[in-house]
Amino acid sequence: MDLAGEFHALVRRASAPPERLVVDPREARHLLLKRIFDAHCLLDVRLGDDDTPYQSAIIELVPEQGYLVMDALPPASGNALATTLPTVRVRARLSGVELRFASRIQSSGSESGLAYFMLRYPDSVEYPQRRREYRVMVPLDRGLPVRFQTANGGWVRGEIRDLSPNGF
């Protein structure tokens, strides 16, 4: 099942009426982080207010103890900077969808000469793409005009703003 499908399955399990569905944000957050981990996604990491990009990966998830472990931040200057700027902004791309979260470095260490960082388990993960099919946005200045006929013979005019494998 794809990421969007798993998210929708999570929503369907909610017991509230459809117009008031509530998903436990902790469960959705963990599902998204697990998918990033399982897919070995490359993370784009920014430290504090610094916009220098570093790459890393999640190497362990420990939600029951409230942390995750992130790999080193090459080059070595990233590892050094992480000790002075403990807040992190993380982005990852999974199946064409960007996910984002923020956290704080709780501690760091090294094993066999390789640095690692323990981060507080994020409070939330931003996942703006929640449809079953990934949608590609059409740039605002390039909307595609469309016109089609409905089943009752009427005409509909519009502009396509996004495309997916199954429609617009």
Side-chain angles (χ1 to χ4, degrees), residues 1-14 21-140 161-166:
M1 185 181 295
D2 67 354
L3 180 59
E6 286 183 38
F7 188 83
H8 287 289
L10 186 71
V11 170
R12 281 193 301 277
R13 285 200 323 258
L21 281 178
V22 176
V23 175
D24 181 344
R26 293 168 300 179
E27 190 175 352
R29 167 195 61 185
H30 178 67
L31 171 68
L32 294 168
L33 290 170
K34 184 168 177 3
R35 290 297 304 264
I36 293 170
F37 172 72
D38 290 343
H40 308 287
C41 288
L42 185 64
L43 305 178
D44 175 272
V45 179
R46 311 293 167 115
L47 300 167
D49 291 330
D50 185 34
D51 248 358
T52 305
Y54 298 96
Q55 278 71 47
S56 188
I58 296 173
I59 56 177
E60 187 177 5
L61 292 173
V62 191
E64 61 279 358
Q65 293 182 26
Y67 71 90
L68 61 87
V69 181
M70 184 177 69
D71 205 358
L73 297 167
S77 61
N79 296 330
L81 189 59
T83 62
T84 62
L85 297 173
T87 58
V88 295
R89 295 170 287 138
V90 179
R91 292 186 314 181
R93 189 165 293 280
L94 180 62
S95 303
V97 178
E98 184 177 292
L99 296 100
R100 295 182 292 269
F101 65 89
S103 186
R104 185 169 187 83
I105 298 172
Q106 294 178 322
S107 65
S108 62
S110 69
E111 188 171 308
S112 302
L114 299 173
Y116 64 86
F117 300 93
M118 289 178 58
L119 277 64
R120 183 178 53 112
Y121 217 74
D123 293 329
S124 63
V125 176
E126 273 185 64
Y127 174 53
Q129 177 66 261
R130 294 198 174 124
R131 294 181 170 125
R132 283 214 172 273
E133 299 288 342
Y134 176 64
R135 291 183 176 251
V136 177
M137 299 305 293
V138 174
L140 290 176
R161 290 291 182 185
D162 57 37
L163 301 169
S164 74
N166 285 327

Do L32 and F101 have side-chain heavy atoms sitting under 4.5 Å apart? no
Flag side-chain contact, heavy atom, 4.5 Å: V88 against L47: yes
So do S77 and Y54 actually touch side chain to side chain, heavy atoms under 4.5 Å? yes
Shortest non-hydrogen contact from G48 to L85? N-CB, 4.1 Å
Is any side-chain heavy atom of V62 closer than 4.5 Å to a side-chain heavy atom of E60? yes
Could you check if a side-chain atom of I59 sits within less than 4.5 angstrom of a side-chain atom of Y116, using non-hydrogen atoms only? yes
Kindly compute the distance separating CG (L81) from OG1 (T52), expressed to the nearest 0.5 Å. 7.5 Å
Would a 4.5 Å heavy-atom cut-off, applied to side chains only, mark K34 and L61 as touching? yes
Smallest separation among heavy atoms of A39 and L94, with atom names: CB-CD1, 3.6 Å
Got a sec: does the CD of E111 have more than 12 other heavy atoms crowding it under 6.0 Å? no
Measure the shortest side-chain to side-chain distance between Y121 and R29 over non-hydrogen atoms and say whether it is less than 4.5 angstrom. yes
Euclidean distance, L43 CG relative to L99 CG, rounded to 0.5 Å: 10.5 Å
A72 and S56: which non-hydrogen atoms are nearest, and at how many Å? O-OG, 3.3 Å
Are the side chain of D71 and the backbone of A57 linked by a donor-acceptor contact shorter than 3.5 Å? no
Closest non-hydrogen atoms of P63 and H30, given as atom of the first, atom of the second and distance, are CG-CE1, 3.6 Å
Side chains of M70 and V45: closer than 4.5 Å at any heavy-atom pair? yes
Sidechain N-carboxylate O distance under 4.0 Å for D50, R89: no
So CD1 of I58 and CD1 of I36: to nearest 0.5 Å the spacing works out to 5.0 Å
Partners passing salt bridge (charged side-chain N to carboxylate O under 4.0 Å, His left out) against D44 (at least two apart in sequence or in another chain): R46, R91
Test salt bridge (charged side-chain N to carboxylate O under 4.0 Å, His left out) applied to R120 - qualifying residues, sequence neighbours left out: D123
From CG (L68) to OG (S103), nearest 0.5 Å: 6.0 Å
